[in-house]
Amino acid sequence: MVIREISRAFLYTCDCCGCEHRQENAVGHYANSLPSGWANLKFQRGSLDTYTHEEWLLCQLCRDKINEALSHVLPGKKS
């Protein structure tokens, strides 16, 4: 009989491109639930809208692309 211990892990998936980050040998999630370089993007609307907010988990590449796009759309936004 062979018994092997399988390390506990968490799999983070980018909501934009599907890129995955695996946190292995994990006791728990990252302190802020984000792998290094990743970001949460939160869009909150007024209370009269049906959905009050949406949130996306973004890998570093998608985070940088969205940040660049926002800097072109929002006046005064600095990357």
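Because only heavy atoms are used, hydrogens play no part in the values below, and waters and symmetry mates are left out as well, while side chains stay in. None of the values given here were measured: they were computed from a predicted structure.
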* To do: Measure the CG-SG distance between Leu61 and Cys17 for me, rounded to the nearest 0.5 Å.
  => 6.5 Å
* Test side chain to side chain contact (heavy atoms under 4.5 Å, CB included) applied to Asp15 - qualifying residues, sequence neighbours left out -> Trp56, Leu57
* Asked: Can you name the closest pair of heavy atoms from Glu68 and His72 and give their distance?
  -> O-CD2, 3.1 Å
* Arg22 (side chain) donor-acceptor with Tyr12 (main chain) under 3.5 angstrom -> no
* Begin from the C-alpha positions of Trp38 and Arg63 and carry the test side chain to side chain contact (heavy atoms under 4.5 Å, CB included) through to its verdict. => CA-CA 7 Å; Trp38 286 47; Arg63 177 203 70 185; over 6 Å; no
* To do: Indicate yes or no: at least one non-hydrogen side-chain atom of Phe43 is less than 4.5 angstrom from one of His53.
  => no
* Asked: With hydrophobic residues grouped by side-chain heavy-atom distances under 4.5 Å, do Phe10 and Leu34 end up in a single group?
  -> yes
* Under the side chain to side chain contact (heavy atoms under 4.5 Å, CB included) rule, collect the residues that match up with Cys16, sequence neighbours excluded. => Cys14, Leu58, Cys62
* **Spatial distance of atom OG (Ser36) from atom NE2 (His21) [nearest 0.5 Å]** => 8.0 Å
